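Because the structure is a prediction, the values reported are computed rather than measured. Heavy atoms only: backbone and side chains are in, while hydrogens, waters and symmetry mates are out.
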Amino acid sequence: MTDQITTTTTNNLSEEDRELKAIEYCEDANKLIKQLKDREDKNILDETATNLSQTNIDENKNTINTDDNDDDDDDDDDGDDDFNENEIIEKVTELFSKAIEMDSECIDAYLGLAYVKGMQRNYESVSELLEKANKIDPSDERVNIMKQTLEQESLTLDEVDSVPDLEPVMDIGAPNINIPFIIINGGVTKKFITVLREIFDRFDRNKDNCLNRLEMKSYSKAVNGQELDLESLQTMLNGYDSHPRNGLTFTGFVELYVNQTIEDSSETLKDLKTLGYDSELKLIK
């Protein structure tokens with residue numbers, strides 16, 4: 001009976017009220033997405049602290065961070081049992097869907113739903129939602145950015161999906177270079193590309209397929225024990241494939257590591273070890 005009353009009430013809303021209600025649903029959904037991002041940020045920081053401790057990169061700093069965060073960890077543990085990522089994603093999906101039902105022209109709802117489907121790697125749904133958003137407003141820059149991200153990520157996955165792990169998938173033009181599991185006969189292996197994708201996704205907190213300045217600082221702190229300064233950040237963005245507003249792309253991240261590996265493979269191996277991978281590029285549980 002309650003559902004019937006609710007349906008009748010919403011059907012009687014004016015067009016303006018329906019638009020406002022759709023915006024309200026989107027705002028509620030975005031608040032939940034922020035919870036997911038905050039939790040992911042915490043997980044990255046925790047993992048970074050663990051990796052730094054294991055490799056003894058910065059023992060003193062790790063000790064300080066551990067001491068400072070004792071009380072916070074206790075507080076966070078209290079809420080861990082209440083946090084269910086799948087339930088939150090389902091709720092977010094429901095809210096954006098309700099927004100679309102309320103206002104079929106609500107572009108924020110389509111983009112928000114596309115974002116969630118991207119988190120779930122459901123790229124077919126992402127494409128469909130972006131097409132609908134594009135029809136509503138072809139000039140919306142957010143649609144074009146998300147389309148470019150989708151094309152880049154889909155291409156990367158398709159290129160390596162059916163290739164054996166140690167098969168080269170990217171020629172670096174130096175056939176004499178061989179680095180076990182990483183470069184074979186001058187070709188970057190699928191396994192290495194896959195690992196780089198895992199690392200990239202770990203620090204791409206907003207899931208836009210780019211590493212912005214804050215995300216790059218977090219990545220740098222994880223592998224080097226300290227954040228990149230602004231000059232070094234800009235040099236990296238200028239030197240490798242990047243989006244003018246969103247930051248270093250996955251292509252640029254691969255370029256960065258290929259160049260580093262060619263110049264000094266020990267530095268790449270150190271990074272991989274710090275981030276939890278063994279000499280065969282297996283993630284150590």
> Under a 4.5 Å cut-off applied to non-hydrogen side-chain atoms, are T261 and F192 in contact?
Replying inline: yes
> When F96 is tested against each of L111, N30, D108 for side-chain contact (heavy atoms from CB on, under 4.5 Å), which residue passes?
Replying inline: N30
> Is it the case that S14 and D17 place a side-chain donor and acceptor less than 3.5 Å from each other?
Replying inline: yes
> Any luck finding a side-chain donor-acceptor pair between E227 and S220 under 3.5 Å?
Replying inline: no
> Using a distance-only test with no angle check, is there a side-chain donor-acceptor pair under 3.5 angstrom linking N238 and T235?
Replying inline: no
> Checking S127 side chain against Y123 main chain: does a donor-acceptor pair fall under 3.5 Å?
Replying inline: no
> Between Y219 and F253, does the ring centroid distance fall short of 6.0 Å?
Replying inline: yes
> So do the side chains of K273 and I284 get within less than 4.5 Å of each other, counting heavy atoms only?
Replying inline: no
>> Could you walk me through whether T268 and D271 satisfy the side chain to side chain donor-acceptor pair (under 3.5 Å) test, starting with their C-alpha distance in whole Å, then the side-chain angles of each, then the deciding distance to 0.1 Å, before giving a yes or no?
In response: CA-CA 5 Å; T268 295; D271 289 353; 5.5 Å; no
> Got H243 and I145 here, is their nearest side-chain heavy-atom distance under 4.5 Å?
Replying inline: yes
> Is there a donor-acceptor pair under 3.5 Å between the side chain of N134 and the backbone N or O of L130?
Replying inline: no
>> Could you tell me if the side chain of I262 sits less than 4.5 Å from the side chain of I177, heavy atoms only?
In response: yes
> Can you find a side-chain donor-acceptor pair between E198 and Y277 that sits under 3.5 Å?
Replying inline: yes
> Which value, rounded to the nearest 0.5 Å, describes the distance between E167 atom CD and T189 atom OG1?
Replying inline: 10.0 Å
> Taking the side chain as C-beta and beyond, is there a heavy-atom pair between L272 and V195 under 4.5 Å?
Replying inline: yes
> Is E280 atom CD crowded by more than 12 heavy atoms from other residues, nucleotides or ligands, each under 6.0 Å away?
Replying inline: yes
> Are side-chain heavy atoms of L95 and L32 found at a separation under 4.5 Å?
Replying inline: yes
> Is there a side-chain contact between I182 and L269, using heavy atoms and a 4.5 Å cut-off?
Replying inline: yes
> Hey, does N206 have a side-chain heavy atom less than 4.5 Å from the side chain of E215?
Replying inline: yes
